**Q** 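The structure under discussion is supplied below as structure tokens; questions concerning it will follow.
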Amino acid sequence: MISYLSLSSNYLSEKIAFKKYSRGIKRGCVQRPQTLPAATRDGFGLRVFVLSDLHTDYPENMAWVRSLSTKRHSKDVLLVAGDVSEIYDNFVLTMSLLKERFKYVFYVPGNHDLWCRWEREYLDSLEKLNKLLDACRQLGIETNPVVVDGLGIVPLFSWYHESFDREEDIIGIRIPSLDMACKDFHACKWPGNLSNRDTSLALYFDAMNEKNQHTVKQVQRTCSQIITFSHFVPRQELCPEKRMLFYPNLPKIIGSDLLEDRIRSIHGVEGGSFACHVFGHTHFCWDAIVDGIRYVQAPLAYPRERRRRINGGETWLPFCIYLDGDFAARISPCHWSDYYAVNPRTPGNTQLAPWVARFYNLI
């Protein structure tokens, strides 16, 4: 479990990091939080839906987006927790289709969104990030904190760092290196001072949230209910244990302690009944309350994953997280968070699950 005393112990280092990594980050003037008109439906209150990992470079996933009703959600809010598309034109098309279907759409970038394998014009992934954010502004997609009908919605920029993983490693088997397993190490292109090998990217993306600090404080004073959302994972408990994973080193490339600290700075160290954070990235459907905050992942994921996993995706997404002034009932079934609701986490147990052991016996 992560100690939230780090909120104070990390204060100085985060301030130093912000000065170092905030160069080149676009800033706007300090403003009050934007208050959008209530997106209410006849006979119903505000509805907020969540969705992550659309990966619309897959034709099946783009077809799913096109299949969403143009009428059913015309008064609703959608939070898109990253990994929309690797290809810029597909990103713009996807977000345009979503904006045609939902009254308000919010977005934070994922790692696949910043891949530069096909867009030869981009100097690096930060250039592509700025172009994606510019496209969002032109389309009317929200990427900053906003109040909608009394509900605070706070997008959080983030990136992962290897030291996020504090659980015991699996040994005695040949596990592919991070470079081999994670395409980010090759498909993303970063300036020389940023790297996946240390905390520099996590610090840089966390520093992007600093420009909204005044606005977030206004949201906190204005709203009793707040939803934060990110692409990456804020706590290691929101991922299965290593022995359960086909790639046991996955926790090293999924999350950020800085992200969890920032979430707690918004919702409070102890959370509360109206504290909720939405995330993505791992493609594991998740819905659990940890230390007073509800954490939810509702991924569309890859077509092959939907075919073999219990939770599917086409039939129940996007997931309605908020309805008429209250948070909705939890996702059910929700395989892994259901499992950990009744089974204690035992990260010291490094004996591979049978399905993983069979996989590595074949290597």
Side-chain angles (χ1 to χ4, degrees), residues 21-26 51-58 61-62 79-96 98 105-139 141-144 155-162 164 178-179 181-209 211 229-234 250 252-256 258-259 278-283 297 299-302:
Y21 293 108
S22 59
R23 294 174 184 174
I25 295 176
K26 291 187 175 182
L51 179 64
S52 74
D53 302 281
L54 284 78
H55 294 289
T56 55
D57 295 320
Y58 288 90
N61 288 18
M62 183 68 83
L79 311 185
V80 180
D83 273 7
V84 173
S85 172
E86 174 185 355
I87 298 172
Y88 174 79
D89 288 346
N90 283 348
F91 174 87
V92 173
L93 174 58
T94 303
M95 299 308 286
S96 299
L98 294 174
V105 178
F106 290 74
Y107 165 77
V108 290
N111 50 315
H112 282 248
D113 299 326
L114 303 187
W115 285 7
C116 298
R117 296 191 299 177
W118 309 115
E119 270 74 47
R120 301 297 182 187
E121 66 181 278
Y122 300 117
L123 297 176
D124 56 41
S125 293
L126 294 186
E127 290 284 335
K128 186 172 185 183
L129 171 62
N130 288 332
K131 188 163 185 177
L132 295 180
L133 296 179
D134 285 341
C136 286
R137 281 188 284 271
Q138 294 173 19
L139 293 170
I141 306 295
E142 303 292 339
T143 59
N144 294 307
L156 293 175
F157 294 89
S158 60
W159 199 266
Y160 57 83
H161 58 92
E162 189 173 341
F164 172 77
L178 296 180
D179 297 63
C182 181
K183 291 182 181 178
D184 294 350
F185 286 80
H186 311 286
C188 290
K189 300 178 182 178
W190 304 108
N193 63 322
L194 298 176
S195 171
N196 275 326
R197 287 297 183 189
D198 53 32
T199 59
S200 58
L201 280 168
L203 287 163
Y204 182 92
F205 278 85
D206 183 66
M208 291 182 67
N209 298 306
K211 67 182 177 65
F229 74 105
S230 63
H231 178 65
F232 294 101
V233 182
L250 181 67
K252 300 181 188 300
I253 49 174
I254 64 170
S256 170
L258 298 167
L259 174 59
V278 175
F279 64 100
H281 189 54
T282 59
H283 296 195
Q297 180 174 196
L300 183 60
Y302 301 134

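Throughout, numbering of the chain's residues begins at 1 and tracks the sequence. Treat the numbers as computed from the prediction; the structure is a model and nothing was measured. Computation of the quantities below employed the complete heavy-atom set of this structure, encompassing side-chain atoms and omitting hydrogens, waters and symmetry-equivalent molecules.
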**Q** Test of understanding: with side-chain contact (heavy atoms from CB on, under 4.5 Å), list the residues that count as partners of N196, not counting sequence neighbours.
**A** W159, Y160, D184, F185, W190, L201

**Q** Kindly say whether V84 contributes a backbone atom to a donor-acceptor pair with the side chain of T56 at under 3.5 angstrom?
**A** yes

**Q** Rounded to the nearest 0.5 Å, how far apart are OG of S200 and CZ of F205?
**A** 10.5 Å

**Q** By salt bridge (charged side-chain N to carboxylate O under 4.0 Å, His left out), which residues pair with K252, not counting sequence neighbours?
**A**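 Only D165, D169 meet the salt bridge (charged side-chain N to carboxylate O under 4.0 Å, His left out) criterion with K252.
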
**Q** With sequence neighbours excluded, what pairs up with K183 under the salt bridge (charged side-chain N to carboxylate O under 4.0 Å, His left out) test?
**A** none

**Q** Test of understanding: with ring-ring contact (aromatic ring centres under 6.0 Å, His included), list the residues that count as partners of Y88, not counting sequence neighbours.
**A** none

**Q** Indicate yes or no: at least one non-hydrogen side-chain atom of F164 is less than 4.5 angstrom from one of L259.
**A**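 F164 does not reach L259 side chain to side chain.
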
**Q** Once side-chain hydrogen bond (donor to acceptor under 3.5 Å, both in side chains) is applied, do any residues pair with S230, and if so which ones, sequence neighbours excluded?
**A**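 S230 satisfies side-chain hydrogen bond (donor to acceptor under 3.5 Å, both in side chains) with H277 only.
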
**Q** Taking the side chain as every heavy atom from C-beta outward, state whether T199 and L258 have any atom pair closer than 4.5 Å.
**A**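 No; the side chains remain at least 4.5 Å from each other.
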
**Q** I'd like to know if the side chain of D53 reaches the main chain of L300, judged simply by a donor and an acceptor atom lying under 3.5 Å from each other, with no hydrogens or angles considered.
**A** no

**Q** Could you give the distance from CG (D198) to CG (L203), rounded to the nearest 0.5 Å?
**A** 8.5 Å

**Q** Using modelled atom types and a 3.5 Å cut-off, is there a donor and acceptor pairing between side-chain atoms of N130 and backbone atoms of E127?
**A** no

**Q** Using the test ring-ring contact (aromatic ring centres under 6.0 Å, His included), find all partners of H55 that sit at least two apart in sequence or belong to another chain.
**A**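 Result, ring-ring contact (aromatic ring centres under 6.0 Å, His included) vs H55: H112, H283, Y302.
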
**Q** Using the side-chain hydrogen bond (donor to acceptor under 3.5 Å, both in side chains) criterion, which residues pair with S125? Sequence neighbours excluded.
**A**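 If we apply the side-chain hydrogen bond (donor to acceptor under 3.5 Å, both in side chains) test to S125, skipping adjacent residues, there are no hits.
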
**Q** Return the minimal non-hydrogen interatomic distance between N61 and A301, and the atom names on each side.
**A**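 Shortest heavy-atom contact: ND2-O, 2.9 Å.
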
**Q** Filter on salt bridge (charged side-chain N to carboxylate O under 4.0 Å, His left out), then keep only pairs touching residues 81-91, sequence neighbours left out; what's left?
**A**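 Sorted pair list: E86-R117.
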
**Q** Please give me the minimum heavy-atom distance between A81 and H231, naming the atom from each residue.
**A**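 Taking A81 first and H231 second, the nearest heavy atoms are O-ND1, 2.8 Å.
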
**Q** Find the distance between CG (L250) and SG (C182) and round it off to the nearest 0.5 Å.
**A** 9.0 Å

**Q** Under 4.5 Å between any side-chain heavy atoms of L114 and L129, yes or no?
**A** yes

**Q** Check for a donor-acceptor pair, side chain of N209 on one end and backbone N or O of F157 on the other, with a separation under 3.5 Å.
**A**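 Between the backbone of F157 and the side chain of N209 there is a qualifying donor-acceptor contact (under 3.5 Å).
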
**Q** Side-chain donor-acceptor pair under 3.5 Å between S85 and T94, yes or no?
**A** no

**Q** Of all residues at least two apart in sequence or in a different chain, which pass the side-chain hydrogen bond (donor to acceptor under 3.5 Å, both in side chains) check with N90?
**A**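 Expected list: D57.
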
**Q** With the side chain counted from C-beta on, respond yes when P155 and E142 share a heavy-atom pair under 4.5 Å apart, and no when they do not.
**A** no

**Q** For T143, check side-chain contact (heavy atoms from CB on, under 4.5 Å) against everything at least two apart and list the hits.
**A** Y107, L133, C136

